[in-house]
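Notes follow the structure.
Order of the sequence lines sets the chain letters (A, B, ...), proteins ahead of strands, with each chain counted from 1.
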There are 2 protein chains.
Amino acid sequence: MVSMSNLTSTSDKILQCARSLVIAGGYNGFSYADIAEVVGIRKASIHHHFPSKVDLVRTLLEQYREEAKTGIAALERYHADPVDQLRAYTSYWAECIGDPTSAFCVCALLASQIPVLPPEIVLEVRAHFRMLSAWLTSVLDKGATQGGFVLAGTARSEAEGFVAGVHGAMLSARAYGDDKVFKVVTDSLIEKLVSNRS
Amino acid sequence: MVSMSNLTSTSDKILQCARSLVIAGGYNGFSYADIAEVVGIRKASIHHHFPSKVDLVRTLLEQYREEAKTGIAALERYHADPVDQLRAYTSYWAECIGDPTSAFCVCALLASQIPVLPPEIVLEVRAHFRMLSAWLTSVLDKGATQGGFVLAGTARSEAEGFVAGVHGAMLSARAYGDDKVFKVVTDSLIEKLVSNRS
DNA sequence: CCATATCTACCTTCTAGTAGAATACTTGTC
DNA sequence: GACAAGTATTCTACTAGAAGGTAGATATGG
């Protein structure tokens with residue numbers, strides 16, 4: 001249990017692979033057999049690490065959300081200016097868009113399938129959205145106070161608009177099969193917040 | 001073949017049901033058995049109308065896209081003002097959000113699963129996105145010329161931002177399980193275009 | 001020796017899809 | 001209007017393969 005032998009343990013490989021597969025097609029878009037083939041083990045071995053598919057995806061989401069929080073914390077340390085924080089956030093995603101294994105927010109993708117998702121998964125997805133909009137609300141709030149932004153509405157409603165804009169841009173990039181549209185949309189999203197000065 | 005006996009033929013019921021199921025969970029989120037149960041026929045009868053799942057979903061998308069075009073044409077006839085056209089468009093979706101069987105754009109939902117979708121389906125989804133952004137580009141263009149809007153970027157890039165914002169708002173509404181967020185986001189989206197006057 | 005990890009072999013249910021029989025409707029002919 | 005021929009539609013019954021999952025044997029390493 002303590003060992004973890006290799007640098008990337010089998011259970012990490014399984015989680016990584018499952019994440020890529022969820023990003024590609026959501027909860028019902030992959031199977032244990034798909035993972036087994038990629039990781040190079042048998043289905044039963046996956047069940048040893050993650051007894052059920054719900055266990056696997058819930059764990060994957062906990063890990064993903066932890067990484068997101070860590071990433072945001074790092075981003076806040078490196079960029080003091082709220083405008084720079086937003087730019088760092090969208091730039092991060094602009095780079096992900098080019099890589100099929102990370103071209104979509106796992107939670108945004110799963111959110112679209114909420115009506116057919118197990119309730120445990122829905123809770124994680126919802127929690128991620130709340131974390132994201134709370135963070136963006138605080139960034140916009142700070143930016144408005146410091147004079148970097150002039151907000152048309154409340155910080156909260158502008159934050160929800162920003163979240164929606166970023167997720168919608170991921171969707172459009174995927175629909176067109178064109179990475180550039182993501183940057184176009186998110187740059188304009190930030191531009192609207194900074195150029196709207198009074 | 002000419003008859004269609006009832007007002008809503010069996011194949012129409014199948015298409016309607018399949019559409020609801022796609023809206024709930026996408027291409028891999030439903031089966032012929034699910035449709036059979038709802039419509040009250042056997043699986044084999046569905047295969048008579050739509051030999052394969054790809055046939056069914058492609059037909060469903062052709063029908064959906066036709067309805068979308070008709071809806072937009074109607075909306076343009078009833079509202080001369082570009083601002084009113086955008087309002088009518090988002091109001092239409094605001095009403096859909098409350099009804100689980102139509103709470104998401106079929107093409108937006110399928111776009112998220114493009115990597116695992118049959119190519120015929122991808123083509124339809126992509127075509128819908130192009131139609132939508134072309135229409136919104138023309139609306140914003142007209143609005144800018146007539147003085148109703150002041151666009152921060154090109155009509156095209158603002159249109160892509162609008163599409164992304166609307167789809168992202170659908171996603172957020174589903175994630176939170178809260179219909180109101182859709183209206184908040186889309187109202188602010190329009191507000192930014194009209195209140196940004198020079 | 002004990003725990004973790006992986007394996008083979010299997011189960012049950014679901015999946016899309018097929019074959020062919022049994023209905024029900026249309027249509028032309030008398 | 002009656003009747004047969006054809007055509008649509010639906011059914012039962014089935015298939016092969018994939019799904020998620022289990023039991024129990026076999027390694028592997030401290």
Side-chain angles (χ1 to χ4, degrees), chain A residues 1-22 24-61 110 113 115-122, chain B residues 1-22 24-61 110 113 115-122:
Chain A
M1 191 193 247
V2 185
S3 69
M4 289 289 169
S5 45
N6 331 13
L7 286 180
T8 52
S9 66
T10 301
S11 75
D12 277 346
K13 280 187 210 156
I14 293 167
L15 285 169
Q16 186 56 45
C17 176
R19 187 192 288 198
S20 301
L21 292 170
V22 168
Y27 192 83
N28 293 308
F30 75 100
S31 73
Y32 270 43
D34 297 327
I35 298 173
E37 201 180 347
V38 175
V39 177
I41 50 175
R42 303 291 147 146
K43 285 193 304 165
S45 307
I46 305 173
H47 282 286
H48 168 73
H49 294 280
F50 306 98
S52 77
K53 198 177 180 181
V54 174
D55 290 321
L56 170 58
V57 176
R58 190 179 24 71
T59 307
L60 170 174
L61 282 174
L110 289 174
Q113 309 176 3
V116 299
L117 254 36
E120 301 96 310
I121 306 300
V122 175
Chain B
M1 191 195 245
V2 185
S3 71
M4 290 289 169
S5 46
N6 330 14
L7 288 180
T8 52
S9 66
T10 302
S11 77
D12 276 346
K13 280 187 211 157
I14 294 167
L15 285 168
Q16 186 57 46
C17 177
R19 188 192 288 197
S20 303
L21 292 169
V22 168
Y27 191 83
N28 294 309
F30 74 99
S31 73
Y32 270 43
D34 296 328
I35 299 173
E37 201 181 346
V38 175
V39 176
I41 52 175
R42 300 292 145 143
K43 285 191 305 164
S45 307
I46 305 173
H47 281 285
H48 168 74
H49 295 280
F50 307 98
S52 77
K53 198 177 181 182
V54 174
D55 290 322
L56 171 58
V57 176
R58 189 179 24 72
T59 308
L60 169 174
L61 283 175
L110 289 175
Q113 307 176 5
V116 298
L117 255 35
E120 302 96 309
I121 305 301
V122 174

**OP:** Side chain of B/A44 only, please: which of D/dG21, C/dC7, D/dA13 is the nearest?
**Re:** D/dA13

**OP:** Please tell me which of the listed nucleotides, D/dG20, C/dT8, C/dG17, lies nearest to the side chain of A/H47?
**Re:** D/dG20

Within less than 4.0 Å of OP1 or OP2 of [N], is there a side-chain N or O belonging to [X]?
X     : N      : result
A/T10 : C/dT6  : yes
B/H49 : D/dT10 : yes
B/S45 : D/dC11 : yes
A/H48 : C/dC7  : no

Is [X] touching bases, backbone alone, or none of the nucleic acid, heavy atoms closer than 4.0 Å?
X     : value
B/F50 : nothing
A/A33 : sugar-phosphate
A/S31 : sugar-phosphate

Distance in angstrom units between [X] [atom1] and [N] [atom2], rounded:
X     : N      : atom1 : atom2 : answer
A/I46 : C/dT8  : CD1   : P     : 13 Å
A/D12 : C/dA5  : CG    : P     : 12 Å
A/L56 : D/dG21 : CG    : C1'   : 14 Å
A/R42 : D/dA27 : CZ    : P     : 15 Å

Original post:
Hey, does the side-chain of A/K43 have a donor or acceptor N/O within less than 3.5 Å of a partner on the base of D/dG20?
Top reply: yes

Original post:
Side chains of A/V22 and A/Y27: does their closest heavy-atom pair fall under 4.5 Å?
Top reply: no

Original post:
In Å and rounded to the nearest 0.5 Å, what is the NE2 to OG1 distance from B/H48 to B/T10?
Top reply: 9.0 Å

Original post:
When rounded to the nearest 0.5 angstrom, what is the spacing between CG in B/L21 and CG in B/L60?
Top reply: 9.5 Å

**OP:** Cation-pi check, A/K53 to A/Y32: give yes when NZ or CZ is under 6.0 Å from the six-membered ring centre and within 45° of the ring axis, no otherwise.
**Re:** no

